[in-house]
Q: 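I have a structure here, written as structure tokens, and I will follow up with some questions on it.
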Amino acid sequence: MSELTGKRALVTGASRGIGAAIALALADKDADVAITYERSADSAADVVRAIKAKGRNAIAIQADSADPDAVKRSVKEAAEALGGLDILVNNAGIALYAAIADVSVKDIDALLDVNVRAPVLASQAAMAYIQSGGRIITIGSVLAERMVGEGATVYAMTKSALHAFNRGLARELGPKDITVNLVQPGSTDTDMNPATGEFADLQRSIMPLGRYGKPEDIAAAVVFFASPAAKQITGAVLNVDGGAHT
């Protein structure tokens, strides 16, 4: 399948997990893909090799999503390396958990910097390159809509902020024929939240489907939003969570 032939994508935070799955899925549809990573250079190189093995162009860019200059630089480097930019996937994110009574200012700032400020700055920088028919897709969390336990309040707050950002940016870029959408994963089997983890059974218990998702499930939603099939969809939120939000 070649729905994305000729398209150039940047996926932030894509050396592993959901980000890597997104990058590979876009390449499967014939997109050229740049990825960013913070520390996992070897893993990022593996993703690049896998993309190139599919016959696509690929590059890994070191960038700390907590650093505003690095975020903006990574977009510029991706566009220069790929010869332009058509798709931005704001995937990079961090999760820090603590009760409100105990959460530190340092952790609050870290969550806001990576989960909120970075998508705004990356999207702002990408607007200099993305033209008509382009896509901006952000990865949020189903916790933005439903709290199922204690300790994730600030994390969930940062993901809730992406709702307003998604709607507002969709309004701004709609006249330019650029769509903006939000994908909200639920419990997904990654290093950050393994299906064999301490709280995995609790998470499965709130999902009608009763099973963890896979990174490829999130990637499939991103590929859909990036494809021509989604050209009339913008400002939307898609939960990929086994029904946990119900």
Q: Report, as yes or no, whether the 6.0 Å neighbourhood of atom NZ on Lys54 holds more than 12 heavy atoms from other residues, nucleotides or ligands.
A: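 Correct, the count exceeds 12.
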Q: Taking side chain as C-beta onward, heavy atoms only, is Asn115 less than 4.5 Å from Lys159?
A: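 Yes, their side chains come closer than 4.5 Å.
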Q: With a 3.5 Å distance limit and no angle check, can you tell me whether Gln232 reaches the backbone of Ala230 through a side-chain donor-acceptor pair?
A: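 No: the side chain of Gln232 does not pair with the backbone of Ala230.
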Q: Under 4.5 Å between side-chain heavy atoms, hopping through other hydrophobics if needed: is there a path connecting Met157 to Leu143?
A: yes
Q: Give the minimum heavy-atom separation between Val75 and Ala122, together with the two atoms involved.
A: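 The answer is CG2-O, 3.8 Å.
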Q: I'd like to know if the side chain of Ser2 and the backbone of Lys29 have a donor-acceptor N/O pair within less than 3.5 Å.
A: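 Flag not set: sc Ser2 to bb Lys29 has no pair under 3.5 Å.
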Q: Which heavy-atom pair separates Tyr212 from Pro194 by the least distance, and what is that distance?
A: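 The answer is OH-O, 3.5 Å.
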Q: What's the shortest heavy-atom distance between Ser15 and Ala20, and which atoms?
A: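 In terms of heavy atoms, the two residues are closest at C-CB, 4.1 Å.
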Q: Does any donor atom in the side chain of Gln184 or Glu145 lie under 3.5 Å from an acceptor atom in the other side chain?
A: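 Gln184 vs Glu145: donor-acceptor pair found between side chains.
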Q: Could you grab the distance from atom CZ of Arg49 to atom CD1 of Ile51, nearest 0.5 Å is fine?
A: 11.5 Å
Q: Does some side-chain heavy atom of Asp30 sit less than 4.5 Å from a side-chain heavy atom of Arg56?
A: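 Of all side-chain heavy-atom pairs linking Asp30 with Arg56, at least one is under 4.5 Å.
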Q: Without swapping roles, check the side chain of Ser74 against the backbone of Val71 for a donor-acceptor pair under 3.5 Å.
A: yes
Q: Are Asn90 and Ile139 close enough that some pair of their side-chain heavy atoms sits under 4.5 Å apart?
A: no
Q: When you compare the side chain of Val33 with that of Val11, does any pair of heavy atoms fall below 4.5 Å?
A: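 A side-chain contact under 4.5 Å exists here.
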Q: Give a yes or no on whether Met127 and Val120 share a hydrophobic cluster (residues Ile, Leu, Val, Met, Phe, Trp, Tyr; joining criterion: side-chain heavy atoms under 4.5 Å apart).
A: yes
Q: Does Leu112 offer a backbone N or O that forms a donor-acceptor pair with the side chain of Arg117 under 3.5 Å?
A: no
Q: Would you say Asp107 and Tyr97 are linked by a side-chain donor-acceptor pair, where the criterion is simply a distance under 3.5 Å?
A: no
Q: Checking Arg135 side chain against Gly133 main chain: does a donor-acceptor pair fall under 3.5 Å?
A: yes
Q: Can you check whether Asp69's main-chain N or O pairs, donor with acceptor, with Asp67's side chain at less than 3.5 Å?
A: yes
Q: Identify the heavy atoms of Leu10 and Ala78 that sit nearest to each other, and give their distance.
A: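 Taking Leu10 first and Ala78 second, the nearest heavy atoms are CD1-CB, 4.0 Å.
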Q: Check whether any side-chain heavy atom of Thr138 sits under 4.5 Å from a side-chain heavy atom of Val183, and report yes or no.
A: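 Counting from C-beta outward, Thr138 and Val183 never come under 4.5 Å.
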Q: With a sphere of 6.0 Å drawn around CZ of Arg73, does it hold more than 12 non-hydrogen atoms of other residues, nucleotides or ligands?
A: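 Yes, enclosed.
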Q: How close do Ile59 and Val48 get, counting heavy atoms only, and between which atoms?
A: C-CG2, 3.8 Å
Q: Is it true that a side-chain atom of Asn181 and a backbone atom of Ala236 form a donor plus acceptor pair closer than 3.5 Å?
A: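 Between the backbone of Ala236 and the side chain of Asn181 there is a qualifying donor-acceptor contact (under 3.5 Å).
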Q: Of all heavy-atom pairs between Ile136 and Ser123, which one has the smallest distance, and what is that distance?
A: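 Heavy atoms of Ile136 and Ser123 come nearest at CG2-OG, 3.7 Å.
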Q: Answer yes if Leu26 and Val240 sit in the same cluster of Ile, Leu, Val, Met, Phe, Trp and Tyr residues linked by side chain heavy atoms under 4.5 Å apart, and no otherwise.
A: yes
Q: With rounding to the nearest 0.5 Å, note down the distance linking CZ in Arg211 to CZ in Arg204.
A: 12.0 Å
